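Since we're looking at a predicted model, the values are computed, not measured. First the proteins, then the strands, lettered A, B, ... as listed; each starts at 1.
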Number of protein chains: 2
Amino acid sequence: MVSRPSLETATASDPDHFVEPLELGKRVKEIRLTKGWTLEEVSKRTGIARSTLSKIENDQVSPSFAIVQKLIGGLGMDLPQLFVEAQEHSMAGRRDITRYGEGEPHPTATYEHELLSYSISRKKMVPFKTIVRARNFSEFKEWVRHDGEEFLLVLSGSVVFYSEFYEPVELNEGDSVYYDATMGHIVVSLSPEDAQILWVVAR
Amino acid sequence: MVSRPSLETATASDPDHFVEPLELGKRVKEIRLTKGWTLEEVSKRTGIARSTLSKIENDQVSPSFAIVQKLIGGLGMDLPQLFVEAQEHSMAGRRDITRYGEGEPHPTATYEHELLSYSISRKKMVPFKTIVRARNFSEFKEWVRHDGEEFLLVLSGSVVFYSEFYEPVELNEGDSVYYDATMGHIVVSLSPEDAQILWVVAR
DNA sequence: CAATAGAGTTTATTTTAGTAAACTTGTGAA
DNA sequence: TTCACAAGTTTACTAAAATAAACTCTATTG
């Protein structure tokens, strides 16, 4: 038999377009073994030949997208799961306390932010308390706008919440609003003292 | 020339393993045009032949995973982006105000929850205010435990925050804690009046 | 209105993925 | 030990993807 080049060889011969192999095979095998399935069982579930599955697990082929889709169906997982590294979540069993007034300060011209739980990175939410210095819509050059969703709770004082597609609305102590942060949004104080709010952002 | 079956035909002949085609081609073309690139430019960037790109965009082939990886690199996108339907996020341009005391009540023996922003579903975070009725660790049968991460802010009164892997800690008004919610966690009031806290959960 | 060139498609061919069947390896029963 | 067979790998082959080159279509220019 004429030996065919292995995947590795083929890839190495084309270094310009080498991409992190993503260890697809390893990942698939891992999932299969976790569920205690044999190649034959996965073959029945997916309609992919046993031999093909073996090659995929050993990185002897670069499966076509059609095959990858069958795999996903058969292994009962969604696409991101297959590729995104089995990232043990960074929060595992952790907690982070922030005492009153001891957050990380982030002052700006219009807002005075105090970042809470700043010692844990890579978390799903970012909570911060903000003293709203701004009194006027015009103090902002532009709508504030960013990815994700935002929750706002008025802790003290009262504010006006401006948002791109809605009329401005007054919010008093204890009122809250949940909104799409890609929509322009701006908050100004209405009370004599600067209002204080809690903000939580999630991407 | 002998005509070869189209992708559609091939798929249709194997209905058992038919999966949503995911309109990969459409998606790739969309991205390419957005960036104002020609097939030739993408070819140079990815190392994939112009003809192959054309076929991918027109769903005439089911590209191999190696090709998909090159595509991702060349188009400057990550994998999920390529596959996850350009899902208009459900929050698009929306906001939801909850006035003080007007959330959706959810009383339990130990906690009295008031769900905020309950009219928007499928959001990234779930915020609620809770009056902590419990005074004692023993009022709970089991650790409370669920997926995701949780942020807690004490709005009034003082509490003790018990968590599975840490010593109990006293939290007073304005203190906050961010933690992994899969770790057992329980809160009890310490002050004469029931403490009130804000909770935000993200999955 | 040729002639040229840019962008995309199709053809013809090579290369690689996908499969059935043969083979290997390991395990346990008789 | 030998037989059976179950799980996985490799072989030999077929089907399909990947490519270069030829082609089509538009738009532009002299």
*Asks:* Would you give a per-nucleotide map of nucleotides 21-26 of chain C, 5' to 3', where B means the base has a protein non-hydrogen atom under 4.0 Å away, S means only the sugar-phosphate does, and - means neither?
*Replies:* BB----
*Asks:* Which atom names give the shortest non-hydrogen contact between Val188(A) and Phe137(A), and what distance separates them?
*Replies:* CG1-N, 4.0 Å
*Asks:* Between dT9(C) atom P and Glu40(B) atom CD, what is the distance in whole Å?
*Replies:*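 It works out to 14 Å between those atoms.
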*Asks:* Under 6.0 Å between the ring centres of Phe128(B) and Phe151(A)?
*Replies:* no
*Asks:* Would you tell me if any nitrogen or oxygen in the side chain of Ser64(B) comes within less than 4.0 Å of OP1 or OP2 on dA18(D)?
*Replies:* yes
*Asks:* Rounding to an integer number of Å, can you tell me how far Asp59(B) CG sits from dA16(D) P?
*Replies:* 16 Å
*Asks:* Please classify the nucleic acid contact of Thr38(B) as base, sugar-phosphate, or nothing, using heavy-atom distances under 4.0 Å.
*Replies:*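 It contacts sugar-phosphate atoms only.
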*Asks:* Determine whether the side chains of His185(A) and Ser163(A) contain a donor N or O and an acceptor N or O closer than 3.5 Å.
*Replies:*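 No, no side-chain donor-acceptor contact under 3.5 Å.
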*Asks:* Between Tyr178(B) and Glu149(B), do the side chains contain a donor N or O and an acceptor N or O under 3.5 Å apart?
*Replies:* yes
*Asks:* Whole-Å distance between dT16(C) P and Phe65(B) CZ?
*Replies:*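 Interatomic distance, CZ of Phe65(B) to P of dT16(C): 18 Å.
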*Asks:* For residues 153-168 of chain A, which residue pairs pass the salt bridge (charged side-chain N to carboxylate O under 4.0 Å, His left out) check, not counting sequence neighbours?
*Replies:* Arg145(A)-Glu164(A)
*Asks:* Nearest whole angstrom, please: distance from the P of dA16(D) to the NZ of Lys70(A).
*Replies:*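 Checked: the NZ to P distance equals 10 Å.
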*Asks:* Indicate whether OP1 or OP2 belonging to dA7(D) is found under 4.0 Å from a side-chain N or O atom of Arg32(A).
*Replies:* no
*Asks:* Any N or O donor-acceptor pair under 3.5 Å from the base of dT19(D) to the side chain of Lys55(B)?
*Replies:*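 Yes, a donor-acceptor pair under 3.5 Å.
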*Asks:* Below 4.0 angstrom, N of the basic side chain to O of the carboxylate: do Lys35(B) and Glu41(B) qualify?
*Replies:*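 No, no charged N to carboxylate O under 4.0 Å.
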*Asks:* So what does Ser54(B) touch, heavy atoms closer than 4.0 Å: a base, only the sugar-phosphate, or nothing?
*Replies:*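 Contact class for Ser54(B): base.
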*Asks:* How long is the line joining CD1 of Ile48(B) and P of dA20(D), in whole Å?
*Replies:* 12 Å
*Asks:* Just how far, in rounded Å, is P of dA7(D) from CD of Glu41(A)?
*Replies:*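 Nearest whole value for this atom pair: 7 Å.
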*Asks:* Which one, dT9(C), dT19(C), dT19(D), comes nearest to the side chain of Lys29(B)?
*Replies:* dT9(C)
*Asks:* I need the CG-P distance between Leu53(A) and dT19(C), as an integer number of Å.
*Replies:*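 Checked: the CG to P distance equals 8 Å.
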*Asks:* Show me the side-chain donor-acceptor pairs of residues 194-203 of chain B shorter than 3.5 Å, one per line, residues at least two apart or across chains.
*Replies:*
residue	atom	partner	partner atom	Å
Asp194(B)	OD1	Arg135(B)	NH2	2.3
Asp194(B)	OD2	Arg133(B)	NH1	2.4
Trp199(B)	NE1	Tyr179(B)	OH	2.9

*Asks:* May I have the distance from Leu39(B) (atom CG) to dT26(D) (atom C1'), rounded to whole angstrom?
*Replies:* 15 Å
*Asks:* Just to be sure I understand the rule, does Ile67(A) reach a base, reach only the sugar-phosphate, or reach nothing, if contact means heavy atoms closer than 4.0 Å?
*Replies:*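 The residue Ile67(A) makes sugar-phosphate contact but no base contact.
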*Asks:* Taking only the side-chain nitrogens and oxygens of Gln60(B), find out if one of them lies under 4.0 Å from OP1 or OP2 of dT10(C).
*Replies:*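 Yes, within the criterion.
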